[in-house]
Amino acid sequence: MTARSIRVAVAATMATALSLTAAACSNPDSARGGSGSGSASAVVGIAYEPDSLSPLLGYGKDGNSKIFDGLLALDADMELRPALAAELPEISADGLTYTYKLRQGVKFSDGKPFGAKDVVFTYRTILDEKTNNASRTELDAVKDVTAKGEDTVVFTLKYPYAPFAQRTVLPIAPQHIAGEQDVNTGAFTTKPVGTGPYVLTKWSKGEKLSFAANPDYWGGEPEVKKFTMAIIKDDDVRATRLRSGDLDGAILPPNLAKGFADDQGKKTYAANSYDYRTVTLPTANKVAGDTAVRRALDVAVDRQAMVDAILNGSGKPAYGPVPTDSEWFTKGTERPHDLAAAKKILDEAGWKPGKDGVRVKDGVRATFPLWYLSGDKLRQEHALAYASDAKKAGIDIRTEAGTWEVIEPRMKHDAVLAGGGSPADPDFDQYTLLKSSLAGDGFNNMAWYDNKAVDAAIEAGRRSGDQAERKKAYDTVQRELVKNPGYTFLTHIDHLYVVDDRFGPLTTQVEPHDHGLASGPWWNVEKWSTENAGGSEK
């Protein structure tokens, strides 16, 4: 999980709103036109815009970017398929060498050819410590990347990193442009050029990102010619604009999505996800960093009540970053709601109720602030429910709303209602979430969690190529989080999208936490057919 993955969380919901509009018109002045006779457009509302559109700084690292392509991509079933690579990689018997044959005839949107040098440039630049990429540790296994001619790239690893192929969905940047600029501040960060199905035409900060179909896209020119991402941060505003007809679709929290259940002109899509909501318990805070307080909160919280009341059943209780239905989940680490047990833990640790009901130990009151992102109703409701449960145990949690600019400087000492989640591999979440050396590195390890047993286990899980050994390592991590939870995991959330029915049947993937730009029913918008789409332009 990366910085902005937990920031999200600290997002999911980093919610996204989607507005899709299509026109397939034989007569451009008509409200509706014939099948496939004209061009369609799609407008997607998102809650948060990226800081940068450069893959060298982390944009699109989990794949599915509309501006760029990776060597590989994920299909509807989350299986790897070739993209800029002509085929899946050849892997050496020892798991230390990955060889990729590249697709021929691919061009960047400026007309220049794509080649092996661009792949080498992209990975070496990300691994350069001068590059401000908070996700660099995700490529820690890479010892070197080299080109063999124009059509072959070879990665040499330091250790047999089992999920390495999944890392190569990372978008490829053009050396002839990005290599001529400052990687952290150059124009490429806001005016990117890639090989993907869409070209960025304009970025109006805080308002929208506008894209046009790439007519020379190697996968075929998309039928949806115009693609716009409107930035709408507030969940209620997205729902209101959807209802008024200003938007044709949106990702909405369950309690808002249910308001469209009887709308015959709209269809609701539920996407399974690894997206969780969690509360960071910063180690530097005298209360939240106390192991007894952490353990008490872990059983004082009523997770199922949150699933029922906040998510309307569209999710499940979370006991860690791994969902309970995953093969990687450690059975027996579920923590049932038990207020009596929470009070007993606090009593035995010396946290005694004061006159006002708030517990005190050595003159320190059991109170701390909990921040959530302004406008994010799911985070707000989770925060309020968590504070209510904590109060019953004698812990006073004060909820506060703010922007990330307000929240981030406070993360070392204040709790945050955060989010994260990746369906790819347990390493993708747990390393950046829990590794002690990453504390204070942007949105990595937001709780400043420090557990030597966890550090050793996640290193073992990362470096072993043996499935059984990896499972044993991640079992250790999950059991350690029971003993000393640096986070209180609350729920795993299903993503709900309400979309105008005129787009016909759409599909979704299993989604990560960070689903703002290229997930949802429009994850493969470049493959949409205008035969099912019609309507007036907006």
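- Within the model, atoms CD1 of I172 and CG of D69 stand 9.0 Å from one another, a figure rounded to the nearest 0.5 Å.
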*asked:* Apply side chain to side chain donor-acceptor pair (under 3.5 Å) to residues Y161 and D427 and explain how you reach the verdict.
replied: CA-CA 10 Å; Y161 182 49; D427 174 76; 2.4 Å; yes
*Show the numbers, then the answer: is there a ring pair (Phe, Tyr, Trp, His ring centres under 6.0 Å) between Y497 and W522?*
CA-CA 10 Å; Y497 301 87; W522 62 95; 5.4 Å; yes
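- Side-chain contact annotation: D51 with Y59, donor-acceptor N/O pair under 3.5 Å absent.
- Between the CG atom of N132 and the CD1 atom of I126 there is a distance of 12.5 Å, given to the nearest 0.5 Å.
- Rounding to the nearest 0.5 angstrom, the gap separating the OG1 atom in T195 from the CZ atom in F114 is 7.0 Å.
- Side-chain contact between E526 and K66 is present, with at least one heavy-atom pair separated by less than 4.5 Å.
- Donor-acceptor pairing under 3.5 Å is lacking for the side chains of D128 and T131.
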*asked:* Show, in sequence, the C-alpha distance, side-chain angles and deciding distance for D236 and K377, and conclude whether the salt bridge (charged side-chain N to carboxylate O under 4.0 Å, His left out) test is met.
replied: CA-CA 8 Å; D236 287 324; K377 300 305 179 186; 3.4 Å; yes
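- Residue A257 comes nearest to L496 through the heavy atom pair CB-CD1, 4.0 Å, listed as atom of the first residue, atom of the second, then distance.
- Of the N and O atoms on the side chains of W203 and E49, at least one donor lies less than 3.5 Å from an acceptor on the other residue.
- A donor atom on one side chain and an acceptor atom on the other are not found under 3.5 Å apart for W328 and D425.
- Closest approach of N214 to P222, counting heavy atoms only: O-CD, 3.9 Å.
- The two residues P55 and A173 make their nearest non-hydrogen contact at CG-CB, 4.1 Å.
- Between P317 and Q304, the closest heavy-atom pair is CG-OE1, 3.4 Å.
- Residues N255 and E381 bring a donor and an acceptor atom of their side chains to less than 3.5 Å of each other.
- A donor-acceptor distance shorter than 3.5 angstrom exists from the side chain of T201 to the backbone of S210, with no hydrogens or angles considered.
- Residues Y274 and S326 meet the side-chain proximity criterion, which asks for heavy atoms closer than 4.5 Å.
- Using modelled atom types, no side-chain atom of S52 and backbone atom of L57 make a donor-acceptor pair closer than 3.5 Å.
- One distance of note links OG1 of T137 with CG of L139; it measures 8.5 Å at 0.5 Å rounding.
- No donor-acceptor pair under 3.5 Å is formed between the side chain of S314 and the backbone N or O of D494.
- Under the 30°/60° scheme for interplanar angles, the aromatic rings of F68 and F188 are found to stand perpendicular.
- Between the side chain of Q181 and the backbone N or O of A187 there is at least one donor-acceptor pair closer than 3.5 Å.
- Using modelled atom types, one side-chain atom of T125 and one backbone atom of F121 make a donor-acceptor pair closer than 3.5 Å.
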*Check step by step if side chain to side chain donor-acceptor pair (under 3.5 Å) holds for D77 and Q509.*
CA-CA 7 Å; D77 297 320; Q509 295 176 305; over 6 Å; no
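- Smallest separation of non-hydrogen atoms from I232 and L247: CD1-CD1, 3.7 Å.
- Side chain of D75 to backbone of E79: a donor-acceptor contact under 3.5 angstrom is found.
- No donor-acceptor pair under 3.5 Å is formed between the side chain of D308 and the backbone N or O of A305.
- Within the 4.5 Å cutoff, side-chain heavy atoms of L157 are placed close to those of Y98.
- A 4.5 Å side-chain heavy-atom check between Y100 and L72 finds at least one atom pair inside the cut-off.
- One distance of note links OG1 of T122 with CG of L170; it measures 7.5 Å at 0.5 Å rounding.
- Between Y319 and F329, the ring planes are tilted. Angles from 30° to 60° get that label.
- Counting only N and O atoms by type, the side chains of H492 and D275 include no donor and acceptor under 3.5 Å apart.
- At a threshold of 4.5 Å between non-hydrogen side-chain atoms, the residues T228 and F211 do not count as touching.
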*salt bridge (charged side-chain N to carboxylate O under 4.0 Å, His left out) between K266 and D501: does it pass, once the steps are laid out?*
CA-CA 5 Å; K266 294 181 173 60; D501 196 35; over 6 Å; no
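- A ring-centre distance under 6.0 Å is not found for Y198 and Y217.
- In terms of heavy-atom proximity, R241 sits nearest to S244 at O-OG, 3.0 Å.
- Side-chain atoms of T152 and K101 form a donor-acceptor pair, as typed in the model, at a separation below 3.5 Å.
- Contact annotation: the side chain of L200 approaches that of L53 to within less than 4.5 Å [non-hydrogen atoms, C-beta and beyond].
- Remark: R303 fails to qualify as a cation-pi partner of Y386 under the 6.0 Å distance and 45° angle criteria applied to the six-membered ring.
- The distance from atom NZ of K117 to atom CZ of R124, rounded to the nearest 0.5 Å, is 14.0 Å.
- Checked by atom type, the side-chain pair Q380/D376 shows no donor-acceptor distance below 3.5 Å.
- Judged by distance alone, the side chain of S273 and the main-chain N or O of I493 form a donor-acceptor pair under 3.5 Å.
- The closest donor-acceptor contact from the side chain of D441 to the backbone of N444 lies at 3.5 Å or more, if one exists at all.
- Seen from the ring of F260, R243 counts as a face-on cation partner, given the 6.0 Å and 45° thresholds.
- Although no hydrogens or angles enter the test, the distance criterion places a donor-acceptor pair under 3.5 Å between the side chain of R167 and the main chain of E138.
- Side-chain atoms of D429 and S422 form no donor-acceptor pair, as typed in the model, at a separation below 3.5 Å.
- With hydrogens and angles left out, the side-chain atoms of H382 and T491 include a donor and acceptor closer than 3.5 Å.
- In the displayed structure, D262 atom CG is contacted under 6.0 Å by at most 12 heavy atoms of other residues, nucleotides or ligands.
- Side-chain contact between S204 and L209 is absent, with no heavy atoms from C-beta onward closer than 4.5 Å.
- Checked for salt-bridge contact, D325 and K316 meet the test: a charged N lies under 4.0 Å from a carboxylate O.
- Judged purely by distance below 3.5 Å, without hydrogens or angles, the side chains of H176 and D110 pair a donor atom with an acceptor atom.
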